[in-house]
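Letters A, B, ... mirror the listed sequences (proteins, then strands); counts begin at 1. Since this is a predicted model, take the numbers as computed values, not measurements.
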Amino acid sequence: GEDVEQSLFLSVREGDSSVINCTYTDSSSTYLYWYKQEPGAGLQLLTYIFSNMDMKQDQRLTVLLNKKDKHLSLRIADTQTGDSAIYFCADPSGGGYNKLIFGAGTRLAVHP
Amino acid sequence: DTGVSQDPRHKITKRGQNVTFRCDPISEHNRLYWYRQTLGQGPEFLTYFQNEAQLEKSRLLSDRFSAERPKGSFSTLEIQRTEQGDSAMYLCASTSGDRVIDEQFFGPGTRLTVL
């Protein structure tokens, strides 16, 4: 079945760039998502990338997609303390219902 | 548009009791999903409704679990004879399904603790 894997923890200094990585197994998805979860808050869609794109930039966020290796990454430039959260890579498995297959999440800790 | 709401936000129960959670999706969203998230894991799909029809159920949804969406608006998730392994955050999401990017909007979740 579909599977999505992520590294579990990342610690960066404020102002540095953060790179969160994800690998997935299902290759039929039209797009892939990055969701953000902050303590006490619901999951929020952060950004997405269509499967026919290699890169997408959205302000401080850059998403890279390597379809050959089934690897997705999220780069956050100039990381701020407010970026501290859990980031989930999510794959809509298709079949018409678009249920999301999530990775275990990467906890990003930003320190001064 | 007030977003997806869930009630209660927290529920503590004793093993063997029944519990019911409610989800109110964004109005006019015809698609509704339930997910379960345990500590340190990502959400896992439980079930999906299109309007009032339950179209898919995960194998995670044992016979003790039942979900309904009687009028195609709010949904309920009931767990009978709760077990300690049911302790988790139960998340509801909704979407209109009519956009190219089928963004699922998530509620804040109901955290269940089974003692």
At a 4.5 Å cut-off on heavy atoms, which part of B/Gln37 comes close to chain A: side chain, backbone, both, or neither? side chain

Does the side chain of B/Pro43 reach to within under 4.5 Å of the side chain of A/Tyr35, using non-hydrogen atoms? no

Between the main-chain N or O of A/Leu100 and the side-chain N or O of B/Tyr35, is there a donor-acceptor pair closer than 3.5 Å? yes

Student check: side-chain heavy atoms of A/Leu45 and B/Phe105 closer than 4.5 Å: no

How long is the straight-line distance from OH of B/Tyr48 back to CG of A/Asn98, given to the nearest 0.5 Å? 8.0 Å

Is a side-chain N or O of A/Gln44 found less than 3.5 angstrom from the main chain of B/Phe106, in a donor-acceptor match? no

Can you hop from B/Tyr33 to B/Phe74 via hydrophobic side chains spaced under 4.5 Å? no

Surrounding CG of B/Leu115 (heavy atoms of other residues, nucleotides or ligands, distance under 6.0 Å), is the total greater than 12? yes

For the NZ atom on A/Lys56, are there more than 12 heavy atoms of other groups (residues, nucleotides or ligands in this structure) within a distance under 6.0 Å? yes

Membership question, hydrophobic clusters at under 4.5 Å side-chain separation (ILVMFWY): are A/Met53 and A/Tyr48 in the same one? yes

Once you round to the nearest 0.5 Å, how far does OH of A/Tyr33 lie from CD of B/Gln104? 6.5 Å

Flag yes if B/Leu32 and B/Ile26 sit in one hydrophobic cluster, no otherwise; membership is Ile, Leu, Val, Met, Phe, Trp, Tyr, and two members link when side-chain heavy atoms are under 4.5 Å apart. no

Within one Ile-Leu-Val-Met-Phe-Trp-Tyr cluster: B/Val4 and B/Tyr90, side-chain cutoff 4.5 Å: no

Bottom line for B/Arg111: the part with an atom under 4.5 Å from chain A's heavy atoms is neither

Do A/Val4 and B/Leu91 sit in one hydrophobic cluster, given that two such residues count as connected whenever their side-chain heavy atoms are within less than 4.5 Å of each other, even indirectly? yes

Identify the two heavy atoms, one from A/Lys99 and one from B/Phe45, that lie closest to each other, and give their separation to 0.1 Å. CD-CD2, 3.3 Å

